[in-house]
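For clarity, every value in this text was computed on a predicted model and none was experimentally measured.
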Amino acid sequence: MAGKLKNCPMCGKLFADFGAHVCQDCYEKMRKMESDVVNYVRDNPNSKIPEIVEATGADEKMIKRMIREGRFVQVGVPLSYPCKKCGAPITQGDLCQKCMTEMRESLQKETAKITAAKQAARDRSGGMHSMQHETRTKRK
């Protein structure tokens, strides 16, 4: 299967995208930078993101993506960053466990309300059809 032709968002070069979303040269540079970041963090486990950026030259977005993906937990260094909702420190994903639980419960409550409203509407309309049917049958 042929990749889709695109311009590399990093260097602008035309390339066939097979899923990396950047050209092969930039992909290799990115992998090298990620390796440098992992090595730096392994050697300096209490580093904060700004320190890592300064020491490695890596982009802060890349480091945050690597943290969300659990890349540092895999090497035994649990770096944290703030939960997108409450700001609590987390080591993976976008939300802390508390916010995920609250969101799940809220979603379940809303789903139950919608389901109950649909059932009530069905009951009302079903009840009318039954009464109309009974009225027609009594007239005959």
Worked check of side chain to side chain contact (heavy atoms under 4.5 Å, CB included) between K13 and N7
CA-CA 5 Å; K13 185 169 77 174; N7 286 89; over 6 Å; no
Ion pair check, E34 and R65, cut-off under 4.0 Å:
yes
Any carboxylate oxygen within less than 4.0 angstrom of a Lys/Arg side-chain nitrogen, looking at E28 and K32?
no
Could you grab the distance from atom CG of L79 to atom NZ of K64, nearest 0.5 Å is fine?
12.5 Å
Check K98 with E102, please: is the shortest side-chain N to carboxylate O separation under 4.0 Å?
yes
Keeping T111 on the side-chain end and L107 on the backbone end, is there a donor-acceptor pair under 3.5 Å?
yes
Does some side-chain heavy atom of I67 sit less than 4.5 Å from a side-chain heavy atom of I90?
no
Indicate yes or no: at least one non-hydrogen side-chain atom of I63 is less than 4.5 angstrom from one of V41.
no
Quick check: closest heavy atoms across Y40 and S47, and the distance to 0.1 Å?
CE2-OG, 3.4 Å
Search all heavy atoms of R42 against all heavy atoms of V77 and return the closest pair with its distance.
CA-CG2, 4.1 Å
Considering all heavy atoms of both residues, which atom of R122 and which atom of S125 are nearest to each other, and what is their separation?
O-OG, 3.1 Å
Is D17 salt-bridged to K6, cutoff N-O under 4.0 Å?
yes
Between the SG atom in C99 and the CZ atom in R104, the distance rounded to the nearest 0.5 Å is 12.0 Å
Within the structure provided, determine whether D59 and V53 are in side-chain contact (heavy-atom separation under 4.5 Å).
no
Can you tell whether the side chains of K29 and D25 come within less than 4.0 Å, N to carboxylate O?
no
For R68, what residues pass the side chain to side chain donor-acceptor pair (under 3.5 Å) criterion, not counting sequence neighbours?
none
Quick one: pull up NZ in K4 and CZ in F15 and give me the separation to the nearest 0.5 Å.
10.5 Å
Assess whether salt bridge (charged side-chain N to carboxylate O under 4.0 Å, His left out) is satisfied between K48 and E51, documenting all intermediate values.
CA-CA 5 Å; K48 303 288 181 223; E51 296 168 32; over 6 Å; no
Side-chain contact test, heavy atoms from C-beta onward, threshold under 4.5 Å: evaluate it for C96 versus C86 and give yes or no.
yes
Under 3.5 Å donor-acceptor, T101 side chain and Q97 backbone:
yes
About how many Å separate CZ of R124 and CD of Q119, when rounded to the nearest 0.5 Å?
10.5 Å
Nearest 0.5 angstrom please: C26 SG to R31 CZ, how far?
14.0 Å
Closest non-hydrogen atom pair between V38 and M66, with its separation
CG2-CE, 3.6 Å
